[in-house]
Amino acid sequence: MTRLLSVVILAGAVALASLGDVASAAAQSSGLPLPRFVSLRSDQVNMRSGPGVRYPVDWVYLRRNLPVEVIAEFDTWRKIRDAEGAEGWVHQSMLAGRRTVQVITNRAPLRRTADELGAPAALVEAGVVGRLVQCPTGSVFCRVEINGVQGWLKREEFWGVYKAEFVE
């Protein structure tokens with residue numbers, strides 16, 4: 001009986017220790033707000049089904065600077081969502097804080113000014129990725145840079161910024 005009790009106590013201690021490791025890993029998050037937008041740092045980024053290299057790779061991104069949304073954190077792993085809604089885990093080293101956007105409207109006008117009547121500097125195809133420069137408070141437009149050309153896109157024409165988010 002004493003031996004059985006010792007085994008049960010030992011098993012309980014091991015279980016508590018592993019729970020402590022999980023809690024410790026979760027507590028070691030970045031401290032940055034969730035959710036938040038970031039971009040892919042590399043031309044090849046593996047998205048896994050769970051937070052670790054032992055989880056299978058579900059998807060491989062082949063596009064540096066693609067905007068993704070961090071929706072959860074576990075230790076050095078970040079759960080992300082892309083513009084199409086796919087979710088999975090990537091290592092934090094594969095993400096950059098640089099803000100980018102992905103155009104979601106076909107032939108979106110990149111305007112010279114932040115208004116509906118602004119003359120287009122270019123027409124941008126869906127899927128094009130650019131750098132987020134500025135989103136003024138209360139404006140439906142954000143300033144972006146695409147292939148060296150700066151202009152204004154309506155928030156509804158791209159993915160990578162929240163509806164009322166201010167970016168300076």
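Every heavy atom of this structure was used, including side-chain atoms; hydrogens, water molecules and symmetry mates were not. What you see is a predicted model; the values in this text were computed from it and never measured.
Annotation: side chain of Arg63 is not in contact with side chain of Asp43 (no heavy-atom distance under 4.5 Å). Contact of the Glu69 side chain with the Trp159 side chain is registered, since non-hydrogen atoms from C-beta on lie closer than 4.5 Å. Residues Arg48 and Asp58 are not in side-chain contact: their nearest non-hydrogen atoms beyond the backbone lie 4.5 Å or more apart. Looking at Gln92 and Ser30, their side chains never come closer than 4.5 Å, going by heavy atoms from C-beta outward. The closest side-chain heavy-atom distance from Arg64 to Leu40 is not below 4.5 Å. Side chains of Ile71 and Leu34 form no contact here, defined as non-hydrogen atoms less than 4.5 Å apart.
Looking only at distances, a side-chain donor or acceptor of Arg155 sits under 3.5 Å from a matching main-chain atom of Tyr162. Counting only distance, with no hydrogens or angles, the side chain of Ser49 and the backbone of Tyr55 share no donor-acceptor pair below 3.5 Å. Within the 3.5 Å criterion, the main-chain N or O of Leu66 finds no donor-acceptor partner in the side chain of Ser39.
In this structure, Arg78 CZ and Trp89 CH2 are separated by 8.5 Å, a value rounded to the nearest 0.5 Å.
Residue Arg99 forms a salt bridge (Lys or Arg N to Asp or Glu O under 4.0 Å) with just one option from Glu168, Glu145, Glu165, and that option is Glu165. A side chain to side chain contact (heavy atoms under 4.5 Å, CB included) with Pro67 is found for exactly one of Asp82, Val161, Leu132, Val129, namely Val129.
Taking every heavy atom of both residues into account, Glu156 and Ile104 meet most closely at O-CD1, 3.7 Å.
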